[in-house]
Amino acid sequence: MSKNLPNFESIYVTKTYLPERVEYSRYLDRIWESGIVTNNGQLVVEFEEKIQNFLQSQAMHFVANGTIALQLAIKALKLKGEIITTPYSYVATTTSILWENCSPVFVDINEDDFCINPDLIEEKITGKTTAILATHVYGIPCNVLKIEKIAKKHDLKVIYDGAHAFNVKINNTSIFNYGDIATLSFHATKIFHTIEGGALFTSDKILFQKISLQKAFGHRGDNYETIGINAKNSEFHAAIGLCNLKMIEGIIDKREHLFNFYKENLKELPLQFLKIPDEVSYNYGYFPIVFKSKKIMLKTIETLNDDNIFPRRYFYPSLNQLNYLKNSQSCPVSESVSEKVLCLPFYHDLKKEDAIRIINLIKRVFR
Ligand SMILES: *Cc1c(COP(=O)(O)O)cnc(C)c1O
């Protein structure tokens, strides 16, 4: 373990950006004028419209976080039984399935893009399978066409966890236009954030209306129509989102620059990098590197930690190995990648001298 404890000079895997306070204050003025702070106020409505416009996506619900978005998606689609899912994601992908009393059935991932391997899905489908819930890992899209084909053939619903995929497009089509429902997280650690927040996208108007009800207790006035939950988000969060939306293009540009800088300077090392397919317009959300062995990955963590730099083992563990799962399922590719992957510090205002320091420290591990 490292002797160094994090301090204010530490460099983490990500850093939250905030808008100018004067900018945020203008929105606060509007909240004070209206006196409305939550329950689908004017800023929430404006935020939903602006995001749909910006992403050129189907209709969106702004909700409290990305996890409740997944839970609502499972609930709204009335999923039961087994849900085919990926072991290589954040834990919320799996726990939302368990939380809704369904069973996750893990299908291993591709070695090159870390997304669910569509060629292994069909052999896991049983009479109890109701859906596929897959993650666009690090914002790289799943093979949405193959998955759609399998889902049609077996009459399964598809949910995409797009928590990492803000502004990602395939052949100029928003990634959030795929799947029966796609979800997004606006958490402070994500590329675009509202501090806490999340979203659901769907083109199905009936489903969209149902989620409107379910996210707000299941009633409209005195009309109690269905079981709901409180998944709403507030005017204050929407205001942060409206401010941040004005900055996001500049932020993505800077991240693209850093992505290429890291890659150019690390490319001689025996590391696996994220590959961005030609048809994908990427958001430069993460900079993962996969080492040849766990040993050298751990050595790299130690070396960076000694210099107050804290990369993250993301994703680790492979979710099929969570100790509270009832049955053991094996996913060798995901288990192997999880043991050897690190996400490097990656944010728009990471100083060039710090990026160079990180690069040199990693190079030193290999010497
Ligand atoms: C962050 C994340 C979530 C959860 O989103 P929250 O807004 O933090 O609840 C779900 N899935 C993935 C893949 C994530 O990275």
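Remember, it's 1-based here, ligands and their atoms both numbered in the order they're listed.
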Quick one: ligand 1 N/O to protein N/O pairs below 3.5 Å?
from     : atom 1 : to     : atom 2 : distance (Å)
ligand 1 : 5 (O)  : Ser185 : OG     : 3.3
ligand 1 : 7 (O)  : Gly66  : N      : 2.8
ligand 1 : 7 (O)  : Ser185 : OG     : 2.7
ligand 1 : 9 (O)  : Gly66  : N      : 3.3
ligand 1 : 9 (O)  : Thr67  : N      : 3.0
ligand 1 : 9 (O)  : Thr67  : OG1    : 2.6
ligand 1 : 11 (N) : Asp161 : OD1    : 3.4
ligand 1 : 11 (N) : Asp161 : OD2    : 2.7
ligand 1 : 15 (O) : His164 : NE2    : 2.8
ligand 1 : 15 (O) : Lys190 : NZ     : 3.0
ligand 1 : 15 (O) : Tyr314 : OH     : 3.1

N-O pairing of Lys275 and Asp113 below 4.0 Å: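 So Lys275 does not pair with Asp113 through a salt bridge.
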Establish, from distance only, whether the side-chain atoms of [X] and [Y] form a donor-acceptor pair under 3.5 Å.
| X | Y | result |
| --- | --- | --- |
| His187 | Thr189 | yes |
| Lys263 | Asn265 | no |
| Thr173 | Asn171 | no |

Interatomic distance, Ile296 atom CD1 to Leu342 atom CG [nearest 0.5 angstrom]: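 Answer for the CD1-CG pair, Ile296 versus Leu342, is 11.0 Å.
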Does Asn233 use its side chain to pair, donor to acceptor, with the backbone of Glu196 at less than 3.5 Å?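 Indeed, once roles are kept as given, a pair shorter than 3.5 Å links the two residues.
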